[in-house]
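Written out below as structure tokens is the structure these notes cover.
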Number of protein chains: 2
Amino acid sequence: MSSVTTATNTRELAHPARDEIRLECVLHALSDPMRMRVVRALATTEDELSCSHFVLPVTKSTTTHHFRVLREAGVIEQVYRGTAKMNGLRRADLDALFPGLLDNILDAARREAGRLGDDA
Amino acid sequence: MSSVTTATNTRELAHPARDEIRLECVLHALSDPMRMRVVRALATTEDELSCSHFVLPVTKSTTTHHFRVLREAGVIEQVYRGTAKMNGLRRADLDALFPGLLDNILDAARREAGRLGDDA
DNA sequence: CCCGTACTACGAGAGCTATCGTACGAAGCG
DNA sequence: CGCTTCGTACGATAGCTCTCGTAGTACGGG
């Protein structure tokens, strides 16, 4: 009972607090196709998804970079769970700051994907 | 009645057609503080505003650059009227492609401005 | 026809960004 | 203890972007 902290706390990741999230950073984070893809995938489920769950047409180091941009913008939350790093949308924070914005952007992305004949 | 075209058509500006507008370009265009400022000002009125109406803390050539980014992303429409260049939001096109998105982002920007104690 | 106003074009520089490859650290499994 | 899997750190590079200054074009007024 001294300092164990449940074994999933070993590596901590820096996240912006809710009131440190900036609209411009969020929009910038979502203005990249790879990152939009990640966010759209995260939005389809309640579960957290591991980084390796995503198959992006870039290398792993580039993927790491994109996840960091999303985390530092306040769009996603990341926690280590064993060797995996789980990712989840920060819905509650984003909805509190910008009501409806996330869903609206996701809807816009869905429309555009449909319009351009993309799958997903 | 042959080829006059009403004297305001001399210098034509390239705009993307409605279905050439890309969500990612729109988000990117709005992820810059200067450009967000311009769009927020345009949203407050029905009128078109001249470039010189905006007082931004950058030089005029930089201002020109930002207006071009907004135009090429499909966010604004620009027409020459005499020596002035008038700017208007492409509300109809954006609403058709991404219903509610523009208003939602503008609302988010307003909230953030309030939260951070900005004026406007 | 000259001048002022409004905006542009071009060149340049500083800084960011997306991408990669290689090498490394952390957790779990046998 | 090794091996594997997952993700990171670091360095490098090409390209974009925000910014500026200077020089130039278009339009309208006297």
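Chain A is the first sequence line, chain B the second, and so forth, proteins listed ahead of strands; every chain is numbered from 1. Values in this document were obtained by computation on a predicted structure and should not be read as measured data. These numbers come from the heavy atoms of this one structure, side chains and all, not from hydrogens, waters or symmetry mates.
The stretch residues 23-31 of chain B comes close to DNA chain D through B/His28, each having a heavy atom under 4.0 Å from the strand. Within a heavy-atom distance below 4.0 Å of DNA chain C, the residues of residues 55-62 of chain B found are B/Lys60, B/Ser61. Within residues 65-76 of chain B, the residues having any heavy atom closer than 4.0 Å to DNA chain C are, in order of number, B/Arg68. Listed in residue order, the members of residues 43-51 of chain B having a heavy atom less than 4.0 Å from DNA chain D come to none.
Inter-residue side-chain proximity for B/Arg22 and A/Ser31 is flagged as unmet; no heavy-atom pair is nearer than 4.5 Å. Inter-residue side-chain proximity for A/Val75 and A/Arg90 is flagged as unmet; no heavy-atom pair is nearer than 4.5 Å. Within the 4.5 Å cutoff, the side chain of B/Gln78 has no heavy atoms near those of the B/Met86 side chain. Between A/Val69 and A/Arg35 there is a side-chain heavy-atom pair separated by less than 4.5 Å. In this structure, the side chains of A/Leu101 and B/Asp107 stay at 4.5 Å or more apart for every pair of heavy atoms.
In this view, A/Arg18 and A/Asp93 satisfy the salt bridge (Lys or Arg N to Asp or Glu O under 4.0 Å) rule, not counting sequence neighbours. With sequence neighbours excluded, the residues forming a salt bridge (Lys or Arg N to Asp or Glu O under 4.0 Å) with B/Glu48 are B/Arg81, listed by chain and number. Evaluation of the side-chain hydrogen bond (donor to acceptor under 3.5 Å, both in side chains) rule for A/His65 yields no partner, not counting sequence neighbours. Scored by the salt bridge (Lys or Arg N to Asp or Glu O under 4.0 Å) test, A/Asp32 finds no partners at all (sequence neighbours excluded). Take A/Asp103 and apply the salt bridge (Lys or Arg N to Asp or Glu O under 4.0 Å) test, not counting sequence neighbours, and it matches A/Arg91.
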Parsed dot-bracket for DNA chain C after applying the Watson-Crick and G-U rules with both distances under 3.5 Å and | for other-strand partners is ||||||||||||||||||||||||||||||

Fill in: side chain to side chain contact (heavy atoms under 4.5 Å, CB included) between A/Arg115 and B/Asp19, worked out
CA-CA 9 Å; A/Arg115 185 161 61 94; B/Asp19 62 329; 4.0 Å; yes

Quiz item: Are B/Thr62 and B/Thr59 close enough, and set up right, to give a side chain to side chain donor-acceptor pair (under 3.5 Å), and what steps lead you there?
Solution: CA-CA 5 Å; B/Thr62 303; B/Thr59 63; 3.2 Å; yes

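Chaining together hydrophobic side chains whose heavy atoms lie under 4.5 Å apart leaves A/Val55 on its own.
As a whole-Å value, the separation of A/Phe54 CZ from D/dG7 P is 10 Å. Between A/Gln78 atom CD and D/dC6 atom P there is a gap of 16 Å when expressed in whole angstrom units. Summarising the geometry, the separation between CZ on A/Arg81 and C1' on C/dG28 is reported as 16 Å, rounded to the nearest angstrom. Residue A/Asn87 contributes atom CG, which lies 12 Å from atom C1' of D/dC6 at whole-angstrom precision. Regarding B/Tyr80, its OH atom lies at a distance of 14 Å from the C1' atom of C/dT5, rounded to whole Å.
Between D/dC18, D/dG28, D/dT5, one nucleotide has an atom nearer to the side chain of B/Thr83 than all others, and that is D/dG28. The nucleotide whose nearest atom lies closest to any side-chain atom of A/Ala84 is, among D/dC18, D/dG7, C/dC7, D/dG7.
Residue pairs meeting the ring pair (Phe, Tyr, Trp, His ring centres under 6.0 Å) criterion with at least one partner in residues 42-64 of chain B, sequence neighbours excluded, are B/Phe54-B/Phe67.
The phosphate of D/dC18 has OP1 or OP2 within less than 4.0 Å of a side-chain N or O from B/Arg35. Close to C/dA9, at under 4.0 Å from its OP1 or OP2, lies no side-chain N or O of B/Thr64.
The shortest heavy-atom contact between B/Ala84 and B/Ser50 is CB-CB, 4.3 Å. Heavy-atom minimum distance, B/Arg71 versus B/Leu13: NH1-CD2, 3.8 Å.
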